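Below is one structure, written out as structure tokens; comments come after it.
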Amino acid sequence: MNKYNEYKKPEFAKVGEDILQFWKDNGIFEKSVSEKEGNPTFTFFEGPPSANGTPGIHHVMARTVKDIFCRYKTQKGFQVKRKGGWDTHGLPVELQVEKELGIKKEDIGKKVTVDEYNQKCRETVMRYKDIWDDLTEKMGYWVDLKDPYITFEREYIETLWSMLKKLYDKDLLYKGYTIQPYSPAAGTGLSSHELNQPGTYQNIKDTSLVAQFKVSGTDNDYILAWTTTPWTLPANNGLAVGAGVEYLKVKTFNQYTFEPINVILAKDRMNAYFNPKAKDVKIEDYKAGDKLIPFEVIDSFKGREMEGMDYEQLMPYIPLEKPAFTVVIGDFVTTEDGTGIVHISKTFGADDFRTSVQYDLPGVFVKDEEGKDVPIVDKQGRYVKEITDFAGMYVKNQYYKDEEAPGKSLDVQISIKLKEENKAFKVEKYEHSYPHCWRTDKPVLYYPLDSWFIKTTEYKDRLVELNKTINWKPASTGEGRFGNWLENLVDWNLSRSRYWGTPLPIWVSEDKKEQKCIGSIAELKEEVQKSVDAGYMQDQISDDFDLHRPYVDDIILVSDSGQKMFREKDLIDVWFDSGAMPYAQWHYPFENDDIFQKSFPADFIAEGVDQTRGWFFTLHTLAVMLHDNVAFKNVIANGLVLDKSGNKMSKRLGNAIDPFETIAEYGPDATRWYMISNANPWDNLKFNIEGVGEVQRRFFGTLYNTYNFFALYANLDGFKFEEDAIPLSERTESDRWILSRLNTLIKSIDGAYNDYEPTKAARMIMDFVADEVSNWYVRLNRKRFWKGEYNNDKRAAYQTLYTCLMTVAKIGAPIAPFYMERLYNDLNAVSNQEQAQSVHLTDFPVADEACINTALEEQMQLAQTVSSLTHSLRKKEKIKVRQPLSKIMIPVLDEATRHHVEAVADLIKSEVNVKSVEFLDDTSGILVKKIKPNFRSIGQKFGPKVKLIAAAVNQWGQDDIATIERDGQYDLTLDAETVQLAIDDVEISSEDIPGWSVASEGKTTVALDITISEELRQEGIARDLVNRVQNQRKDMGLDVQDKIDVKVVKNEELINSALANYKEYICEETQALSLDVVDIIENTHTIEIDDWTLEISITVR
RNA sequence: GGGCUUGUAGCUCAGGUGGUUAGAGCGCUACACUGAUAAUGUAGAGGUCCGUGGUUCGAGUCCACGCAGGCCCA
């Protein structure tokens, strides 16, 4: 190609479509992987999404983060394979299917067969796969969609089984208790979502009781704890307090027995239990039966001081060993109701269970017929016989059949007993919301049920230790949220009582004494064969046997002793599915051992911070327990995408952003760039669609403009970068400056990507393009591109701008893959400087240290400051920039500054339209200097004396300043002593130039000569005329190259002279071949310059 | 209730190791520029740096206690 593409207007959405097609046609993504064969690998794990819902804008965010680093590492020479995946099991799918089939969980296996149900799940879960794939493509997320891992596939499940078997063999898989909602009436546990059905929570009145737990070794000190389930009190095994909560010990009397007592409760709960009117009643004046019970606070302490306090068992039916009946710290304790002290019963509450395990508090159990530990309430909801006084009573009156319920419920009877024993502080009816079984409409109990667990606690130390080797972004998520979670680890409850998921491969014999864990399909077949031989099964299973329910449930195995064995009905937690993806995606260890070894652990993963206890945890845990390794070395935990006001997006509220619409309107690049540049990925993003527009205008618009400017003139001059690069030494100051900045930028960007700081990278690139390339380099050098012949200076300008654009394309490609591809190919189509077909196949630029010149960068900074100051002076004096002025003067206090300014003097002159830049130094004798203490330096040296010294220095006159400048030091006498100040302890700058209009910023001061000579005036007029003619040319629709003739009607002398003296200049600037001053002309056009009115005519040749 | 996190201009965000006049972009106002033109430049207005204490010669920055929002967990 001979010409650079020029565009009429930017069409960023179309760029997205075009480039997508280009990638597809040329297999660029595939090449970006295959071309790196044999290179070091960079492993990325894709956290599998579930395709049973449509993707939202937050998925664009998460996937942009993933994509950036995979593309960057590819450019850095790594081979980056990224296998896509789909999460397919689990509750969300099941609930959706239940809803669509109009059934409930209990209908499964009745109204529909398990087989039909699971088939429906299998179809539903991939329903929106096409929409997901479409978004993946359109947003430019490069991931291998052709061969994804799918968690419901046979091979995937087989890997899971092999892992479970490994855990089982290491004795890390066990069956144990967990507290779950349980319906005694229905005889079944209820899952959390069943409790979320409408109507399950009902307001009911229960008997609530504040019990007095007697502190060991005291006469009448009691800890008060409140419960709405007095029937759990015989199972009490501990009391929990809040560590930071303030508690009081109060001297008072029991309202039922009138006995004197000291009670402990939270300070915040005092008002609930003590009548303020009793405040002034004296303890001594109390008589049994008085309504107003006096009280007196006698001690106060924090909860953490109570930890370890022992108390006597409240209802001693079943004695327990220590450390039962001890005060512990519970993070669930509140002071919103009750006494701020919570009664703990290991068998009847999830918090209680967890806390009991944590503190090793034994729970209250009895032995059943088989000698197994069971709670004091049986599965029908009745007290066991060991609770002698109330044996056989249902713990809730609702559990009795009609008419059989006792007049006084168990709760009431217990309350009466405790009142009589001086163990009840207060009993009252309490109305609260409590869950009911949606099927029987009777209250739910929290009850311990069997579940399978992974003994993660055994690996706690190693989990914590290895976590410290992971680079978390942000670090706090790793140390805090994740680290603290690991510190307080409990065993992983694997069991789920559902249908669509990975079945637990454990078979148990009828007498529950023998177990087998199956670790592969081959092993299963082996065992089935034994079972067939034993006559328990008819046939061997087929080769394509589906490992899901119900088929797997039909398999009966034979135990070593010859018993029938049935599969445990549980499915495993779906988080095990996703946490196992490093192995299961390759069907390891059955296949692909080599691939697995090369791609484990991952170098990088990224997901939402809500995955901390989900995917991040399961990945880490399985890797540590099975491979004693981390699963990932670097992780970005990104935050939420909220709407522009900071609210959560939801389809229901209608504030959700459709990613397809955004991409269609603004293009994928602006969408990606906005999300990355606006806030760090780990902070929440307030998504404002206007921000996308702003990024598009400010960054992509500017970049597009700069490219178009380059293309326009490069095409006119035929610049193709065929010649050798012009040596740095032969390029202008501004060329060398922008190249220095560019190479500094390359280093910074490389560092930012390498540190997983995409936001910093995006912002730096954006600032470079907008501020430095466009607003400074191009603006100052415009004329070099269009003026004069095609010489080396011009070539240098083209080469310099070309290099900037090309480099920006490469370093910006990870974030804006589409537009940067377009830019790269538009440039390279003509220059053919690059071999690679795509910017994504190029190497990441390496900074050329020879180009970096910090002194030059400082100079340019100075030029910008001087220009800015001069502009502000012009504004103050109301002299427009088009009017040339003779000079500016800059005070220089040292030679270095003088050299710096001299180097950029030409730039300054053209930028602010002055004829010369002059310097004022000390020898001029007219500078007034200003001195300021350098606080950082004197603070370090003199500490507390800073204030005195600063005050003294601020008082210095010109003589003192001269002294320290001459001697390099100054002996300053303070009240009692003398301190020696060095020249570095102060900052000296020029304050004023008497008689001039000055402005200053920091240490830089500029004075402007505002006298306008006759000659300058004429030049100003000439420039104004050029401007008017140019406007006229534009109005006439002339092309840049069109030649014209200009005639002007004679005016007053100043104008005429100006036209005559600057005729050549005016003609050159306006492409005029003639400029004549005449007496009269036709077709005149009136123009105004300041107060003059001119008649002119312009004709095209 | 616990862990983590955020709070700086109207909006979105920067502000190593403490240093005295707290910055940018957008928006707003004014002016300028006009061969990048659906561009551009300059200037101006706009701040209780969430609050209260503390450490320090000096705190947006460090510490403590709060307040408000967010996420996760109970």
Side-chain angles (χ1 to χ4, degrees), chain A residues 9-10 242-245 329-336 340 350-351 354 474 476-485 487-488 608-614 637 639-640 642 644 646-648 674 677-680 682-686 688 690-691 693-695 697-699 701-702 704-713 759-760 763 766-767 770-771 774-776 778-779 782-783 785-787 867-868 870-872 874-876 878 880-882 911-912 932-940 942-950 1002 1026-1027 1030-1031 1033-1034 1038-1041 1069-1071:
Chain A
K9 59 176 181 182
V245 176
I329 304 293
D331 56 17
F332 48 86
V333 176
T334 76
T335 54
E336 267 156 39
D351 281 334
R354 187 169 50 84
S476 57
T477 298
E479 286 160 21
R481 188 184 280 225
F482 194 65
N484 291 343
W485 159 253
E487 297 280 355
N488 297 304
V609 67
D610 51 342
Q611 295 291 315
T612 307
R613 293 176 191 186
L640 267 64
L642 308 168
K644 65 178 178 184
N647 300 311
K648 222 173 176 172
Y674 164 72
S677 66
N678 190 67
N680 282 314
W682 41 86
D683 289 331
N684 289 348
L685 172 68
K686 287 185 205 161
N688 188 347
E690 287 168 31
E694 189 184 319
V695 164
R697 278 195 308 278
R698 183 167 126 76
F699 177 60
T702 306
Y704 154 86
N705 260 332
T706 308
Y707 165 77
N708 245 18
F709 172 83
F710 167 83
L712 177 67
Y713 293 108
T759 305
K760 282 188 178 150
R763 287 175 180 171
M766 192 151 62
D767 289 345
D771 296 343
S774 173
N775 292 349
W776 193 249
V778 172
R779 195 159 56 78
R782 266 182 302 195
K783 288 197 173 164
F785 290 89
W786 53 263
K787 210 171 179 180
S867 299
S868 164
T870 311
H871 277 129
S872 96
R874 275 183 173 272
K875 184 181 166 62
K876 198 167 91 189
K878 294 195 166 64
K880 59 191 168 190
V881 181
R882 214 184 284 129
E911 177 66 9
V912 303
K932 222 172 84 174
N934 178 348
F935 282 92
R936 175 176 292 221
S937 134
I938 57 177
Q940 277 161 7
F942 304 112
K945 295 186 210 106
V946 167
K947 273 188 176 163
L948 276 176
I949 296 172
V1026 169
N1027 165 244
Q1030 298 287 27
N1031 287 347
R1033 279 183 63 113
K1034 199 170 144 198
L1038 298 190
D1039 217 29
V1040 172
Q1041 301 96 323
E1069 290 290 316
T1070 59
Q1071 304 281 339

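Numbers restart at 1 for each chain; the letters A, B, ... are given by sequence-line order, proteins then strands. Fair warning: this is a prediction, and the values are worked out from it, not measured in the lab.
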**OP:** Could you check how far CG of N678(A) sits from C1' of rA14(B), rounded to whole Å?
**Re:** 12 Å
Subject >> Spacing of the C1' atoms in rA24(B) and rU37(B) (rounded, Å) >> reply: 26 Å
**OP:** Just call it for S774(A): base, sugar-phosphate, or nothing, with non-hydrogen atoms closer than 4.0 Å on any strand.
**Re:** base
Original post:
Start at the 5' end of RNA chain B and walk down; is the nucleotide closest to V778(A) or to V609(A) reached first?
Top reply: V778(A)
**OP:** Considering only atom C1', compute the distance from rG23(B) to rU5(B) and round it to an integer number of Å.
**Re:** 24 Å
**OP:** Could you tell me the separation between the CG atom of N684(A) and the CG atom of L640(A), rounded to the nearest 0.5 Å?
**Re:** 5.0 Å
**OP:** Looking only at side-chain atoms of D683(A), point me to the closest of rU6(B), rU34(B), rG41(B).
**Re:** rU6(B)
Subject >> Atom pair distance, as rounded to whole Å: CZ in F709(A) and P in rU40(B) >> reply: 14 Å
**OP:** Mind checking N705(A) for me? I need base, sugar-phosphate or nothing, with any heavy atom below 4.0 Å counting as a touch.
**Re:** base
Original post:
For the residue pair A770(A) and S774(A), what are the closest heavy atoms and their distance?
Top reply: O-CB, 3.5 Å
**OP:** Of all the heavy-atom pairs spanning S677(A) and V695(A), show the shortest one and how long it is.
**Re:** OG-CG2, 4.2 Å
Original post:
If you measure from the C1' atom in rA64(B) to the same atom in rC26(B), how many Å do you get, rounded?
Top reply: 38 Å
**OP:** Looking at every strand, decide which applies to T477(A) at a 4.0 Å heavy-atom threshold: base, sugar-phosphate, or nothing.
**Re:** nothing
Original post:
Over how many whole Å does the gap from R779(A) atom CZ to rU37(B) atom C1' extend?
Top reply: 15 Å
Original post:
Does any nucleotide pair with rG25(B) by Watson-Crick or G-U wobble geometry, both distances under 3.5 Å, and what is it?
Top reply: rC11(B)
Original post:
Using atom P of each nucleotide, how far apart are rU8(B) and rC50(B) to the nearest Å?
Top reply: 6 Å
Original post:
Across all strands, who's sitting opposite rU40(B) as a Watson-Crick or G-U wobble pair, both distances under 3.5 Å?
Top reply: rA32(B)
Original post:
Think R481(A) has a side-chain N or O under 4.0 angstrom from the OP1 or OP2 of rG3(B)?
Top reply: no
Original post:
Looking at the side chain of L640(A), which of rU6(B), rC71(B), rA74(B) is the nearest nucleotide?
Top reply: rC71(B)
Original post:
Which part of the nucleic acid, if any, lies within contact of N680(A), taking any heavy atom under 4.0 Å across all strands shown: a base, the sugar-phosphate backbone alone, or nothing?
Top reply: sugar-phosphate
**OP:** Could you check whether K783(A) gets within reach of a base, just the sugar-phosphate, or nothing at all, counting any heavy atom under 4.0 Å?
**Re:** nothing
Original post:
Should the pair Y707(A) and F710(A) be assigned to parallel (<30°), tilted (30 to 60°) or perpendicular (>60°) ring geometry?
Top reply: tilted
Original post:
If we call it a pair only when both distances are under 3.5 Å in a Watson-Crick or G-U wobble match, what pairs with rG60(B)?
Top reply: none
**OP:** Under 4.0 Å between any heavy atoms, over every strand shown, what does R763(A) touch: base, sugar-phosphate, or nothing? Just pick one.
**Re:** sugar-phosphate
Original post:
Just checking R698(A): base, sugar-phosphate only, or nothing, at a heavy-atom cut-off of under 4.0 Å?
Top reply: sugar-phosphate
Original post:
If pairing requires Watson-Crick or G-U wobble contacts with both distances under 3.5 Å, which nucleotide is the partner of rC65(B)?
Top reply: rG51(B)
**OP:** Taking atom P in both rU21(B) and rA14(B), compute the distance separating them and give it to the nearest angstrom.
**Re:** 25 Å
Subject >> Separation of the P atoms in rU12(B) and rG27(B), to the nearest angstrom >> reply: 15 Å
Original post:
Contact class for G242(A) vs. all strands (heavy atom < 4.0 Å): base, sugar-phosphate, or nothing?
Top reply: nothing
Original post:
Using atom P of each nucleotide, how far apart are rU61(B) and rG15(B) to the nearest Å?
Top reply: 15 Å
**OP:** Let me know the distance between CZ of F699(A) and C1' of rA39(B), rounded to the nearest Å.
**Re:** 17 Å
Original post:
Side-chain donor or acceptor of T702(A) under 3.5 Å from a matching atom on the base of rA39(B)?
Top reply: no
Original post:
When the distance from OH of Y674(A) to C1' of rC11(B) is rounded to whole Å, what number comes out?
Top reply: 10 Å
Subject >> Heavy-atom closest contact (R763(A) atom, N678(A) atom, distance) >> reply: NH2-O, 3.0 Å
Original post:
Between I938(A) and P933(A), which heavy-atom pair has the shortest distance, and what is it?
Top reply: CD1-CB, 3.9 Å
Original post:
When rounded to the nearest Å, what value does the distance between C1' atoms of rG16(B) and rA9(B) take?
Top reply: 24 Å
Original post:
For W682(A) and T706(A), take the nucleotide of RNA chain B holding the closest heavy atom to each; which residue's nucleotide lies nearer the 5' end?
Top reply: W682(A)
Subject >> Distance in angstrom units between N708(A) CG and rU37(B) P, rounded >> reply: 7 Å
Original post:
Would you say a side-chain N or O of S476(A) is under 4.0 Å from OP1 or OP2 of rC4(B)?
Top reply: no
**OP:** For D771(A) and rG25(B), give me the distance from atom CG to atom P, rounded to whole Å.
**Re:** 7 Å
**OP:** Let me know the distance between CG of N775(A) and C1' of rU34(B), rounded to the nearest Å.
**Re:** 15 Å
Original post:
From E690(A) CD over to Y674(A) OH, what is the distance, rounded to the nearest 0.5 angstrom?
Top reply: 9.5 Å
Original post:
What are the two closest non-hydrogen atoms of W682(A) and P474(A), and how far apart are they?
Top reply: CB-CD, 3.2 Å
Original post:
Can you tell which of rC71(B), rU6(B), rC4(B) lies closest to the side chain of N484(A)?
Top reply: rC4(B)
**OP:** Ignoring hydrogens and angles, answer whether the base of rU17(B) and the side-chain atoms of R936(A) contain a donor-acceptor pair closer than 3.5 Å.
**Re:** yes
Original post:
If you check every side-chain atom of E694(A), which of rG70(B), rG25(B), rA36(B) has the closest atom?
Top reply: rG25(B)
